[in-house]
Amino acid sequence: MNPPEQGKDHASAEEQTLIVGLRAGEGAAFERLVRTQSGRMLSVARRFLVSEEDARDAVQDAFLSAFKALPTFDGRARLSTWLHRIVVNTCLMKLRSQRRHPEESIDELLPTFLSDGHQSKPTPRWGETSNEVERAETRQIIREQIAQLAESHRTILLLRDIEELDTETVAQMLDLSVAVVKVRLHRARQALRTLLDPLFGGQPPC
Amino acid sequence: MLTCKQLIESLADYLDGQLPLSRVAAFKLHLLCCDHCRSYLHNYEATIVASQEALRKEEEDTGPIEVPEDLIQAILKARQEP
Ligand SMILES: [Zn+2]
């Protein structure tokens, strides 16, 4: 067992040493930072950006912003948490600067209703999914299905459900209205629910 | 009486505790008598939990990501450029 991390969000003594090295401009400290943190940052960037090249660019841009912002880093958050936020922001900037490509509609993944407002197909109830989700293979499939979501919806699902940012913050970050963020989050979850149906024992899609 | 469509449209607000109090009663009443919507709510919540688990445990599942050495070198080099 690892000893419990003291004050999870506080920088450890080891991290303090690293920060001192970074502030002093020591090359070795920068290299250590990049080697220990870039993997996690790359995996976050890959969730947001489809193209591997964009994901790598985002990680590089994030580090460069971080290096510049280092004098303002107050050490109250962990370096990893701080870098995580920076790379998420960098990915969003990239998404915003890219020309919107037409997306496939996710409508066919949404539930349908009869004219009287009843569900037109019965929803088979999933069993308990928690045991399933304990399997690494299941989690891999879920990640692949999340990656399938149209970008405009996936981005919001990631920011709200995974990064756990609130609706207003996400609306500001993406320059969208609160109402649009809410609708897209709901649709993204619904679409993902449909994509996970075969996995969790609903009926196979036909 | 709330329809399934109206209920499902307000699921996210309900789970966020943002459904106006005046609508919570109708929401719960519909759930009580509608099997489909109960299942839908169950699956919808399970979807959220499953996506969180899957991404939270990504590192555990895939092991540390190999970052291409040329990317690391590019970052370190870019730092030294004015
Ligand atoms: Zn119903």
Side-chain angles (χ1 to χ4, degrees), chain A residues 27 30-31 34-35 38-43 46-47 56 59-60 63-64 67 111 113-114 116-126 128-130 132-134 136-143 145-146 157-158 161-162 164 167 182-183 185-186 189-190 192-197 199-200 202, chain B residues 1-19 30 33-82:
Chain A
F30 282 96
E31 179 160 357
V34 174
R35 289 200 184 277
S38 54
R40 218 168 279 158
M41 291 164 73
L42 186 56
S43 94
R46 282 175 180 159
R47 291 175 189 171
R56 291 182 191 187
V59 172
Q60 175 158 349
F63 270 113
L64 296 185
F67 297 160
F113 300 93
L114 302 171
D116 65 0
H118 280 82
Q119 296 188 49
S120 53
K121 274 184 282 182
T123 300
R125 185 188 170 91
W126 294 347
E128 277 317 312
T129 51
S130 45
E132 264 299 309
V133 177
E134 274 174 33
E137 306 91 278
T138 305
R139 295 197 291 265
Q140 179 58 32
I141 298 172
I142 297 169
R143 287 192 290 272
Q145 298 300 346
I146 293 172
L157 182 108
L158 291 172
D161 284 343
I162 311 302
E164 298 185 326
T167 309
K182 283 185 167 190
V183 168
L185 172 67
H186 185 47
R189 288 166 168 175
Q190 288 183 297
L192 185 60
R193 190 210 66 84
T194 306
L195 292 170
L196 298 182
D197 232 359
L199 185 66
F200 290 139
Chain B
M1 180 80 181
L2 205 66
T3 65
C4 296
K5 185 167 189 275
Q6 290 167 327
L7 182 132
I8 288 178
E9 274 164 4
S10 52
L11 273 188
D13 279 342
Y14 172 74
L15 292 178
D16 255 359
Q18 292 206 351
L19 200 60
H30 181 108
C33 44
C34 182
D35 230 10
H36 297 329
C37 283
R38 273 204 304 277
S39 301
Y40 199 90
L41 173 61
H42 169 81
N43 298 358
Y44 184 93
E45 286 188 283
T47 299
I48 300 170
V49 174
S51 63
Q52 291 172 334
E53 270 307 277
L55 293 185
R56 200 170 290 147
K57 295 201 170 148
E58 182 170 21
E59 208 180 357
E60 188 180 304
D61 293 345
T62 58
I65 288 204
E66 287 278 337
V67 178
E69 187 60 29
D70 57 347
L71 176 58
I72 291 178
Q73 293 307 329
I75 295 167
L76 294 172
K77 188 161 163 265
R79 180 182 81 87
Q80 289 162 338
E81 281 160 10

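Bear in mind that the values here come from a model prediction, so they are computed numbers and not experimental data.
Both the backbone and the side chain of B:Glu58 have a heavy atom closer than 4.5 Å to some heavy atom of chain A. Interface remark: A:Glu164 contributes side-chain atoms only to the contact with chain B (heavy atom separation under 4.5 Å). Using a 4.5 Å cut-off between heavy atoms, B:Cys37 touches chain A through backbone and side chain atoms alike. Only the side chain of A:Leu64 comes within contact range of chain B, judged by heavy atoms closer than 4.5 Å. For B:Asp35, no part sits under 4.5 Å from any heavy atom of chain A, backbone or side chain. Of the two parts of B:Glu45, neither the backbone nor the side chain holds a non-hydrogen atom closer than 4.5 Å to a non-hydrogen atom of chain A.
Between chain A and the options B:Leu71, B:Ile72, B:Thr3, B:Leu55, heavy-atom pairs under 4.5 Å are most frequent for B:Leu55. Between chain B and the residues A:Ser43, A:Pro111, A:Gly117, the largest count of heavy-atom pairs under 4.5 Å involves A:Gly117. Chain B forms more heavy-atom pairs under 4.5 Å with one residue of A:Gln60, A:Gln119, A:Glu132, A:Arg143 than with any other, namely A:Arg143. Among the candidates A:Arg40, A:Arg47, A:Lys182, the residue making the largest number of heavy-atom pairs closer than 4.5 Å to chain B is A:Arg47. Here B:Lys57 is the residue among B:Glu53, B:Glu9, B:Lys57 with the most heavy-atom pairs under 4.5 Å with chain A.
When atom types are taken as modelled, the side chain of B:Asn43 and the backbone of A:Pro124 share a donor-acceptor pair closer than 3.5 angstrom. A distance-only check finds no donor-acceptor pair linking the side chain of B:Asp16 to the backbone of B:Gln18 [under 3.5 Å]. Using modelled atom types, no side-chain atom of B:His36 and backbone atom of A:Ser120 make a donor-acceptor pair closer than 3.5 Å.
A cation-pi geometry, defined here as NZ or CZ lying under 6.0 Å from the six-membered ring centre and within 45° of its normal, holds between B:Arg79 and A:Phe30.
Put simply, the side chain of A:Arg125 does not reach to within 4.5 Å of the side chain of B:Tyr40, judged on heavy atoms. Annotation: side chain of B:Leu76 is not in contact with side chain of A:Phe63 (no heavy-atom distance under 4.5 Å).
Put simply, CG on A:Leu196 and CD1 on A:Ile141 are 9.5 Å apart, with the number rounded to the nearest 0.5 Å.
Ring centroids of A:Phe200 and B:His42 are separated by 6.0 Å or more, keeping the two rings apart.
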